[in-house]
Participant: 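I am attaching a structure below and will ask some questions about it afterwards.
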There are 2 protein chains.
Amino acid sequence: MARRAEGKSGCSVESALAVIGGRWKGVVLYWLSTGTLRFGELRRLLPSCTQRMLTLQLRELEQDGLVKRTVYAEVPPRVEYELTPFGRSLVPILLDLKAWGERYRRRLP
Amino acid sequence: MARRAEGKSGCSVESALAVIGGRWKGVVLYWLSTGTLRFGELRRLLPSCTQRMLTLQLRELEQDGLVKRTVYAEVPPRVEYELTPFGRSLVPILLDLKAWGERYRRRLP
DNA sequence: CGGTATCCAGCGCGATACTG
DNA sequence: CAGTATCGCGCTGGATACCG
């Protein structure tokens, strides 16, 4: 986690990218911006992300205070993920990025 | 370049992050948003980025159409980098990210 | 000054298997 | 269902040296 570790040095753009720059974090955050989701639902929404990676990325987002994890003591177990208020503060930027990404893709050969 | 290569698949957030997610790209773009810069100037602005990495990241940004590279046939050689119009279209988002990054850092222990 | 070339470490990430 | 555990590969990026 070299990238995430150095959160305090460098400029703030780096800090932000360190938080959302993980392989799947952008998409995870995007889907969570549409509402609370269970682990299995996220898995289905990110078919090419392995279970292990999904877990890891969610844990990091949780540590960074963007995502809240709620475990329900049921059988079978249920775990729900949702954005924290701080996480939600990133959503507008994420949507801008998404829009920009669409324009970028339209330029491709 | 696994990340950059798959620009066409996945959601657009991924595409955008694939373009600006490189280790130094965010900062390079940020500095270039303040005006045209020579290679050596960028080096001084990113002291912890090696010359090799700076070159690589600039080349990728150039390929992605965000940065224009101009070589002046002088001695000693002079090379200037500036944002393309398309690159400039990313600047507002970058500034939002920067502002968000500052808030993020203020939350840190 | 503004680059290549070369070599190489580390870790990001995937694949697979097992568990409460 | 929602995870951990373990193993290993490949790419990212660092160090260093050389070039027009």
Side-chain angles (χ1 to χ4, degrees), chain A residues 1-7 9-10 13-14 17-28 31-32 36-64 67-82, chain B residues 1-7 9-10 14 17-29 31-32 36-64 67-82:
Chain A
M1 235 144 282
R3 198 73 184 282
R4 293 183 69 243
E6 62 183 274
S9 66
V13 188
E14 282 189 74
L17 285 175
V19 174
I20 64 173
R23 180 70 186 78
W24 304 98
K25 290 186 186 174
V27 211
V28 168
W31 282 117
L32 286 181
T36 301
L37 289 171
R38 298 185 55 167
F39 185 80
E41 291 176 317
L42 278 170
R43 282 209 70 184
R44 253 165 279 127
L45 289 168
L46 286 76
S48 49
C49 175
T50 62
Q51 186 176 30
R52 168 193 147 87
M53 280 316 296
L54 184 53
T55 302
L56 287 177
Q57 305 271 302
L58 283 168
R59 288 292 190 283
E60 292 189 1
L61 290 172
E62 196 189 353
Q63 276 184 36
D64 288 333
V67 163
K68 185 173 142 228
R69 178 175 182 260
T70 312
V71 183
Y72 295 90
E74 303 175 356
V75 177
R78 179 164 58 109
V79 181
E80 288 189 345
Y81 294 91
E82 63 186 315
Chain B
M1 230 146 283
R3 200 74 186 281
R4 293 185 68 244
E6 61 183 274
S9 66
E14 283 188 71
L17 286 175
V19 174
I20 64 174
R23 178 74 186 78
W24 305 99
K25 290 185 185 174
V27 212
V28 168
L29 289 171
W31 281 117
L32 286 181
T36 301
L37 289 171
R38 297 185 55 168
F39 185 81
E41 292 175 316
L42 278 170
R43 282 211 70 184
R44 254 165 278 127
L45 290 168
L46 285 76
S48 49
C49 174
T50 61
Q51 186 177 31
R52 167 194 145 86
M53 281 316 297
L54 185 54
T55 302
L56 288 178
Q57 305 270 301
L58 282 168
R59 289 292 190 282
E60 291 190 1
L61 290 172
E62 195 189 354
Q63 275 183 36
D64 288 332
V67 163
K68 187 173 140 225
R69 177 173 182 263
T70 313
V71 184
Y72 295 90
E74 304 174 354
V75 177
R78 178 165 59 109
V79 180
E80 287 188 346
Y81 293 91
E82 62 186 316

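Below, chains carry the letters A, B, ... as their sequence lines are ordered, and counting in each starts from 1.
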Participant: Under 4.0 Å between a side-chain N/O of A:Arg38 and OP1 or OP2 of D:dG3, yes or no?
Facilitator: no
Participant: Please report, rounded to the nearest Å, how far the P atom of D:dA15 is from the CZ atom of B:Arg23.
Facilitator: 12 Å
Participant: Could you check which residues of residues 44-57 of chain B get a heavy atom under 4.0 Å from DNA chain D? Sort them by number, please.
Facilitator: B:Thr50, B:Arg52, B:Met53, B:Gln57
Participant: Go through C:dG2, C:dG3, D:dA2 for me and flag the one nearest to the B:Tyr81 side chain.
Facilitator: C:dG3
Participant: Expressed in angstrom and rounded to an integer, what is the separation of B:Arg43 atom CZ from D:dG14 atom C1'?
Facilitator: 13 Å
Participant: Compare side-chain N and O positions of A:Arg78 against OP1 and OP2 of D:dG3 and report whether any pair is under 4.0 Å apart.
Facilitator: no
Participant: When the distance from CG of A:Leu37 to P of D:dG3 is rounded to whole Å, what number comes out?
Facilitator: 13 Å
Participant: Expressed as a whole number of angstroms, how long is the span from A:Arg69:CZ to D:dT4:C1'?
Facilitator: 12 Å
Participant: Apply side-chain contact (heavy atoms from CB on, under 4.5 Å) to residues B:Arg69 and B:Leu58 and explain how you reach the verdict.
Facilitator: CA-CA 9 Å; B:Arg69 177 173 182 263; B:Leu58 282 168; over 6 Å; no
Participant: Take the protein atom CH2 of B:Trp24 and the nucleotide atom P of D:dG13, then report the distance between them rounded to whole Å.
Facilitator: 9 Å
Participant: Looking at every heavy atom in both A:Leu32 and A:Tyr81, which two are closest together, and how far apart are they?
Facilitator: CD2-O, 3.4 Å
Participant: Less than 4.5 Å apart, any side-chain heavy atom of B:Leu29 and any of A:Val13?
Facilitator: no
Participant: How long is the span from the CG atom in B:Leu46 to the CD atom in A:Glu14, to the nearest 0.5 Å?
Facilitator: 7.5 Å
Participant: Name all residues meeting the side-chain hydrogen bond (donor to acceptor under 3.5 Å, both in side chains) criterion together with A:Glu80; count only those two or more places apart in sequence or in a different chain, and write none if there are none.
Facilitator: A:Tyr72, A:Arg78
Participant: Nearest whole angstrom, please: distance from the C1' of D:dA2 to the CD of A:Glu74.
Facilitator: 13 Å
Participant: Search all heavy atoms of A:Leu37 against all heavy atoms of A:Trp31 and return the closest pair with its distance.
Facilitator: CD1-O, 3.8 Å
Participant: Taking only N and O in the side chain of B:Arg59, is any of them less than 4.0 Å away from OP1 or OP2 of C:dG3?
Facilitator: yes
